[in-house]
Asks: 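Supplied in structure tokens, the structure appears directly below.
One-based numbering, in listed order, for ligands and for the atoms of each.
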Amino acid sequence: MFNKLIRKNDKRINIHLDERKENAQKEQLPSHIAIIMDGNGRWAKKRSLPRIAGHHEGMKTVKKITRFANEVGIDTLTLYAFSTENWKRPKMEVDFLMRLPEEFLGTYLPDLIEQNVQVRMMGNHEMLPEHTKRAIYKAMDETAKNDGLILNFAMNYGSRDEIVQAVKRIAQEIQQDKISVDDITEELMTKHLMTKDLSEPDLLIRTSGEVRLSNFMLWQLAYTEFWFTDTLWPDFDEACLLEAIEIYQKRNRRYGGLKGEEVN
Ligand code: V07
């Protein structure tokens, strides 16, 4: 009787994080997780702090979650760090955000190298300040040969912008007689997106209670599982990521072999 009770508790919430991690690793993990890191401003407001304090705290969460995702055995982590719409924010806030990659990499690049993480970036790089680009390119360069977790930052990224750019390139190739209209397929489109070297996300997480895609990876998320949480990004931790992974695995078990056939 007593034994039974313990086992029941074990099964539910009281399992230690390490044990939950090991259990998750016994099943199929999401290979690529994409995260919309929302709620930094609200986190700061709740504490009567300026918004930038929330962004700074959010940066620490990036470090924590990157390390943990790598430990669990996730292959790719894509993080929405700066959208094409974020330029509309007050200049002071934009300037602060554009300093975060330098601060993050200044502090953590040696750790990332040690953890065998490969840093990448997707988005329209040209419009980023020189100092921001310099820091990120250096990190990409120094981690290019690493074959652990791919840490892919979406910086000045917008999905419609990405799709328009892909269509323009394809149109140019037709104009130059390199390909014909009949060569345009889903596969060709995929090869012209900024994610051409990455798998599609298996799991999308958005924090802070917003239930929108906000122009993030519209093409790539066609078959992705979505998980939304009210937790604000600076409060997001290892247990939250594990919860998302566990829910993903539970859904996968339910679909059984029907993945891709669930419609109709
Ligand atoms: C940013 C912290 C996380 C919450 C979301 C907004 C604020 C890490 C980076 C970063 C980007 C590129 C890179 C290394 C680190 C970052 C921005 C904002 C613009 F190579 N956090 N973080 N970049 N926030």
Asks: With a 3.5 Å distance limit and no angle check, can you tell me whether Thr132 reaches the backbone of Leu128 through a side-chain donor-acceptor pair?
Replies: no

Asks: Name the one of Asp202, Thr76, Asp75, Thr78 that satisfies side chain to side chain donor-acceptor pair (under 3.5 Å) with His32?
Replies: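 In the set Asp202, Thr76, Asp75, Thr78, the residue that makes a side chain to side chain donor-acceptor pair (under 3.5 Å) with His32 is Thr78.
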
Asks: If the condition is salt bridge (charged side-chain N to carboxylate O under 4.0 Å, His left out), which residues does Arg120 pass it with, not counting sequence neighbours?
Replies: none

Asks: Should the proximity of Asn40 to ligand 1, defined as any heavy atom under 4.0 Å, be assigned to the side chain, the backbone, both, or neither?
Replies: side chain

Asks: With heavy-atom distances below 4.0 Å as the criterion, list the atoms of ligand 1 near Phe104.
Replies: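 Heavy-atom distances to Phe104 below 4.0 Å select 14 (C), 15 (C).
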
Asks: Could Glu102 and Arg99 be called an ion pair, given the rule that one side-chain N must be under 4.0 Å from one carboxylate O?
Replies: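 Looking at Arg99 together with Glu102, the answer is yes, because their closest N to O distance falls below 4.0 Å.
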
Asks: Specify side chain, backbone, both or neither for Leu105, according to which of its non-hydrogen atoms lie closer than 4.0 Å to ligand 1.
Replies: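 Side chain only.
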
Asks: So, Trp227 side chain and Ile205 main chain: donor-acceptor pair closer than 3.5 Å or not?
Replies: no

Asks: Examine the proximity of ligand 1 to Leu97 and report which part, side chain or backbone, both or neither, has a heavy atom under 4.0 Å away.
Replies: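 Both backbone and side chain of Leu97 come within 4.0 Å of ligand 1.
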
Asks: Which of the numbered atoms in ligand 1 are under 4.0 angstrom from any heavy atom belonging to Leu100?
Replies: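 Answer for ligand 1: 1 (C), 7 (C), 18 (C), 24 (N).
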
Asks: Between Glu173 and Arg169, is there a side-chain N and carboxylate O pair less than 4.0 Å apart?
Replies: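 A salt bridge is absent here (no side-chain N lies under 4.0 Å from a carboxylate O).
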
Asks: So which heavy atom in the protein is nearest atom 11 (C) of ligand 1, and how far is it from that ligand atom?
Replies: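 The closest one turns out to be Phe153 CD2, 3.5 Å.
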
Asks: State the atoms of ligand 1, each with its element, that fall below the 4.0 Å cut-off from a heavy-atom position in Trp233.
Replies: 3 (C), 4 (C)

Asks: Quick check on contacts: which atoms of ligand 1 are under 4.0 angstrom from a heavy atom of Gly58?
Replies: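 Once the distances to Gly58 are compared, the set is 2 (C), 3 (C).
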
Asks: I need the nearest protein heavy-atom contact for atom 16 (C) of ligand 1: residue, atom name and distance, please.
Replies: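 Atom 16 (C) of ligand 1 sits closest to the protein heavy atom Ala81 CB, 3.9 Å.
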
Asks: With a 4.5 Å heavy-atom cut-off, do Phe153 and Val62 have their side chains touching?
Replies: yes

